[in-house]
Amino acid sequence: MKTKVIVVLILLVFTIACQRKTMTFEEVYPGNLSDVTKIEIRHGGGELKTVIDQMVIEKWLTEIKDISFIPKKNHEKIKGYLYAVNLYEGETLTFSFTTTEINDNYEVNEALIQKLEELFVDN
């Protein structure tokens, strides 16, 4: 009986841990978005742009912080991307994502892709 209870508890914990909820960009980011000092954005064709203007960074992060991301249903790796992004606090890389996935667990949506396109083209 005791073994069955332990097995049920382990399965319950595993099930809860595996369930992911929809999260905003601000929730997915591992730190405080106001601490980001540099954004590197690479187009899938190879061109790299670096944004260090704090006003541009703050405006862009404010525009995307509430964008929601849903958990991926298909966890197969997708090759290629339209944009790959690195966020830095000082010289420390704090977060990376692409237009195919965020945090290995969330799908990127069209709203974020549009904001990435604007950031890339305008800077």
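Computation of the quantities below employed the complete heavy-atom set of this structure, encompassing side-chain atoms and omitting hydrogens, waters and symmetry-equivalent molecules. Just so you know, residue 1 is the first one in the sequence shown, and it goes up from there.
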Looking at every heavy atom in both [X] and [Y], which two are closest together, and how far apart are they?
X	Y	result
Glu40	Tyr88	OE1-OH, 3.0 Å
Pro30	Thr94	CG-O, 3.4 Å
Glu89	Asn32	OE2-O, 3.8 Å

What's in the same ILVMFWY side-chain cluster as Ile70, cut-off under 4.5 Å, chained through other members?
none
Partner of Ile39 under side chain to side chain contact (heavy atoms under 4.5 Å, CB included), chosen from Asn86, Leu119, Asn123, Leu116:
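Exactly one candidate clears the test, Leu119.
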Spell out, yes or no, whether Val36 and Leu93 are grouped together once hydrophobic residues are joined by side-chain heavy atoms under 4.5 Å, including indirect joins.
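No, Val36 and Leu93 fall in different hydrophobic clusters.
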Same cluster for Leu48 and Leu87 if Ile/Leu/Val/Met/Phe/Trp/Tyr side chains link at under 4.5 Å?
no
Distance, nearest 0.5 Å, that separates [atom1] of [X] from [atom2] of [Y]:
X	Y	atom1	atom2	answer
Glu118	Lys59	CD	NZ	7.5 Å
Leu33	Ile57	CG	CD1	11.5 Å
Ser68	Glu27	OG	CD	8.0 Å
Tyr81	His43	OH	NE2	10.0 Å
Glu117	Ile41	CD	CD1	8.0 Å

Inspect the surroundings of CD1 in Ile113 and state if more than 12 heavy atoms from other residues, nucleotides or ligands are less than 6.0 Å away.
yes
Between Phe25 and Phe97, does the ring centre distance come in under 6.0 Å?
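Judged by ring-centre distance (under 6.0 Å), Phe25 and Phe97 do meet the cut-off.
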Using a 3.5 Å distance criterion without hydrogens, assess whether the side chain of Thr99 forms a donor-acceptor pair with backbone atoms of Leu82.
yes
Check for a donor-acceptor pair, side chain of Thr37 on one end and backbone N or O of Gly90 on the other, with a separation under 3.5 Å.
yes
Heavy-atom distance under 4.5 Å between the side chains of [X] and [Y], does that happen here?
X	Y	answer
Lys38	Val51	no
Lys65	Thr24	no
Thr22	Pro71	yes
Leu112	Ile64	yes
Glu47	Phe120	yes

Anything under 30° is parallel, anything over 60° is perpendicular, the rest tilted; go ahead and classify Phe95 against Tyr29.
perpendicular
Side chain to side chain contact (heavy atoms under 4.5 Å, CB included) between Arg42 and Tyr83, intermediate numbers included
CA-CA 5 Å; Arg42 182 176 303 276; Tyr83 293 104; over 6 Å; no
